[in-house]
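Some notes on the structure that comes next.
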Protein chains: 4
Amino acid sequence: MAKPADKAEAILAAALELFVERGFHGTAVPLVAEKAGVSAGTLYHYFESKEALVNVLYRKWKAAIAQRVFDGFPADKPPREQFRTVWQRMAEFALAHPREFAFLELHYHGAYLDQESNAMEAHLLEFAAAMIKKAQAEQALKQQPHEVLLAFSNGAFIGLFRASVEGRVELTMELLMAAEQCCWEAIRA
Amino acid sequence: MAKPADKAEAILAAALELFVERGFHGTAVPLVAEKAGVSAGTLYHYFESKEALVNVLYRKWKAAIAQRVFDGFPADKPPREQFRTVWQRMAEFALAHPREFAFLELHYHGAYLDQESNAMEAHLLEFAAAMIKKAQAEQALKQQPHEVLLAFSNGAFIGLFRASVEGRVELTMELLMAAEQCCWEAIRA
Amino acid sequence: MAKPADKAEAILAAALELFVERGFHGTAVPLVAEKAGVSAGTLYHYFESKEALVNVLYRKWKAAIAQRVFDGFPADKPPREQFRTVWQRMAEFALAHPREFAFLELHYHGAYLDQESNAMEAHLLEFAAAMIKKAQAEQALKQQPHEVLLAFSNGAFIGLFRASVEGRVELTMELLMAAEQCCWEAIRA
Amino acid sequence: MAKPADKAEAILAAALELFVERGFHGTAVPLVAEKAGVSAGTLYHYFESKEALVNVLYRKWKAAIAQRVFDGFPADKPPREQFRTVWQRMAEFALAHPREFAFLELHYHGAYLDQESNAMEAHLLEFAAAMIKKAQAEQALKQQPHEVLLAFSNGAFIGLFRASVEGRVELTMELLMAAEQCCWEAIRA
DNA sequence: CATGAATGAGTTTTCATTCAT
DNA sequence: TATGAATGAAAACTCATTCAT
């Protein structure tokens with residue numbers, strides 16, 4: 001028999017796929033269990049509820065993306081390089097894990113995210129905000145509110161990703177890095 | 001008693017609000033009816049099904065935004081001005097109808113949009129693409145694939161809007177027009 | 001505008017067709033109204049309820065078949081001729097009004113027939129029973145309980161009709177009269 | 001707790017009774033569940049839909065009657081004896097399982113029977129037709145189309161059964177075998 | 001008389017969750 | 001641990017009937 005952890009992983013993988021396709025409310029728990037190859041009872045053995053499941057899933061991949069993007073962040077490099085690094089790492093993640101990225105960023109996670117999930121998201125945003133504020137202090141970025149520069153850049157990235165999901169653009173690393181240059185030109189001082 | 005059209009309108013308004021808050025699958029039909037002040041049976045008198053309702057709603061506001069943005073489009077003006085005009089009109093729409101814009105752009109409308117709705121969206125994208133291609137021919141924009149420039153700009157706008165919905169930015173016309181300048185700097189040749 | 005009677009007739013005709021195809025419970029009143037070219041309200045102007053409608057329909061055609069079969073019944077003719085006459089008249093009716101006959105005889109009219117309808121049916125059966133008893137008294141028919149001879153003959157006729165409805169037999173007058181001879185051989189003394 | 005099969009059986013038994021009394025469309029699913037002593041959800045655990053349920057029920061008893069009537073069919077006996085055997089076995093079945101027989105033969109199963117059910121019925125009719133054709137080839141039966149002889153006999157049997165259900169005749173084996181003799185006289189050469 | 005929008009109870013069906021095994 | 005049958009509340013949807021116009 002598989003190790004317990006494998007079952008939880010199988011459930012998370014199945015849930016991810018279904019939530020991306022059909023949304024949280026549009027996905028039935030027994031369907032998740034079936035796709036994961038376990039019984040509904042087993043799913044509830046590993047996750048307290050459907051909400052708990054979606055929150056674990058959300059945090060798992062938010063943490064993954066955070067680690068991928070911010071671990072070993074080049075705090076001592078110039079803003080131009082920092083921005084490129086962050087954008088490139090997000091691109092690597094999105095290209096390597098498109099479903100996970102779609103789950104995190106293409107869906108409106110309304111009322112079912114719990115405090116812990118929201119706190120994690122807030123923490124990430126704060127980190128990014130700090131980076132931007134530092135670059136603004138160095139006169140490297142425009143003097144817009146830092147939230148605006150963040151929302152703009154993030155939105156642009158997600159816009160490209162969405163176009164790829166919807167089949168209008170074929171994303172490649174080259175294309176994304178060209179877009180990085182565009183975005184830099186938008187926000188640089 | 002209210003005119004029939006008023007009931008359909010009341011249902012559409014109620015559905016909009018609830019779909020924005022809780023998503024399509026997360027919203028129960030009787031709840032929509034109650035909020036609209038009609039019975040569930042009446043809702044089905046006006047709309048064939050929950051899916052039909054969401055599609056009518058989607059097309060209604062997609063058409064509204066299209067009209068607002070593209071009616072009397074300044075085809076003979078230079079690209080810079082055209083871009084500003086389109087961005088400004090979208091901003092006006094998004095500020096005047098934030099819920100409607102959120103419904104259209106912040107939610108992932110997966111499987112429930114029908115052919116007609118998808119065709120309308122495709123038509124809009126084609127119009128925008130034509131505008132971009134013309135500007136590219138005039139060497140006013142970067143020579144990226146036009147879909148990329150579109151997805152980037154659109155994404156950036158939506159990113160700002162989302163930040164506003166989530167309370168991280170307070171959108172104003174000034175702020176949005178400053179962002180417009182940023183975006184232009186990102187895509188101009 | 002059509003005469004009132006015409007509307008009631010149109011409703012009865014529409015109801016007949018739909019009840020034959022989908023049964024009483026499987027047929028929605030608004031559908032009957034639509035098929036009749038009137039509004040639901042109008043239908044209820046002419047018929048108190050769906051049950052009242054089906055009962056009126058039932059009695060209308062039971063009376064029609066009774067009249068067709070038993071009016072001017074040749075009471076003074078020999079049983080052989082009486083039987084042929086009755087069978088032939090039923091055949092004429094069934095061939096001329098297959099839908100009506102199907103409604104009356106192919107459907108199980110369970111709980112929705114009212115007392116008046118049941119009384120009419122009982123009256124008809126009594127008439128037929130009297131005919132059979134008289135023929136038995138003349139030693140023309142077998143000495144089975146008269147109900148048995150009646151049920152047998154009636155069942156045989158309906159069996160042929162059902163085979164026609166289900167497309168297994170093409171009913172013609174000739175075929176039905178040949179069957180009449182068969183049936184006579186079954187029940188004659 | 002009862003074995004799973006028992007629940008499915010209980011549901012089938014409850015459905016049979018209610019469908020006979022009120023017809024398919026006149027019977028609500030929760031009523032079936034309640035009569036079977038299970039919840040509505042459980043019913044849907046065993047049967048995909050109300051239609052699936054009625055089809056399983058139909059095939060179950062069609063198969064039962066087919067086995068009862070045609071298993072070990074005396075193919076080498078003379079037609080007279082074959083006919084008596086078939087009629088007698090049908091009689092035994094109808095007397096032993098009047099509700100089941102009524103469900104199969106007294107109700108008009110219009111649009112809800114699926115292909116598999118219709119195919120099973122067609123197969124049965126073919127078997128009976130073959131028997132009749134063979135007897136016709138031996139000059140034992142009248143030279144009517146074999147479908148006519150079949151529809152006639154079948155109809156006569158069902159007519160008697162219906163009279164019994166409606167309380168006009170009390171069916172016994174003796175009475176049914178007397179009717180068998182009648183029917184033979186109707187169809188023999 | 002005629003309409004058809006409106007109703008709300010009823011229909012079929014789904015689904016998050018539990019629990020006996 | 002693991003199962004999956006079982007549940008019952010709630011979902012989407014239908015329909016007989018009414019009533020303001």
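Protein chains get the first letters and strands the later ones, always in sequence-line order, with residue 1 at the start of each.
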Handout entry: Contact pattern, 5' to 3', of nucleotides 7-13 of chain E - B, S or - by protein heavy atom under 4.0 Å
Key = BB--SBB

Handout entry: Rounded distance (Å) that lies between atom P of F/dA6 and atom CG of D/Asp6
Key = 10 Å

Handout entry: Side chain to side chain, D/Phe101 and D/Leu106, heavy atoms closer than 4.5 Å
Key = no

Handout entry: Chi angles and distances behind the salt bridge (charged side-chain N to carboxylate O under 4.0 Å, His left out) call for A/Arg99, A/Glu21
Key = CA-CA 9 Å; A/Arg99 263 207 282 262; A/Glu21 282 169 28; 5.4 Å; no

Exercise for the section: Taking the side chain as every heavy atom from C-beta outward, state whether C/Tyr112 and C/Lys50 have any pair of such atoms under 4.5 Å apart. Expected result: no

Fill in the blank from the handout: The residue among B/Leu43, B/Leu57, B/Asp6 that forms side chain to side chain contact (heavy atoms under 4.5 Å, CB included) with B/Ile11 is B/Leu43

Exercise for the section: Verify whether the ring centers belonging to A/His109 and A/Phe19 lie closer than 6.0 Å. Expected result: no

Exercise for the section: Quickly work out the C/Glu34 CD to F/dT14 P distance and round it to whole Å. Expected result: 14 Å

Practice task
Report yes or no: is the cationic atom of C/Lys7 (NZ for Lys, CZ for Arg) closer than 6.0 Å to the six-membered ring centre of C/Tyr46, at no more than 45° off its axis?
Solution key: no

Handout entry: Atom-pair distance (CZ on B/Phe47; P on F/dA12), nearest Å
Key = 15 Å

Handout entry: For DNA chain F, the dot-bracket pattern of Watson-Crick and G-U pairs whose distances stay under 3.5 Å, | for other-strand partners
Key = .||||||||||||||||||||

Exercise for the section: Output all residues satisfying salt bridge (Lys or Arg N to Asp or Glu O under 4.0 Å) with A/Glu116, sequence neighbours left out; order by chain, then residue number. Expected result: A/Arg59

Practice task
Please report, rounded to the nearest Å, how far the P atom of E/dC1 is from the CD1 atom of C/Ile11.
Solution key: 12 Å

Handout entry: Heavy-atom donor-acceptor pair, B/Thr42 side chain to B/His45 backbone, under 3.5 Å
Key = no

Practice task
Indicate whether OP1 or OP2 belonging to F/dA2 is found under 4.0 Å from a side-chain N or O atom of A/Tyr46.
Solution key: yes

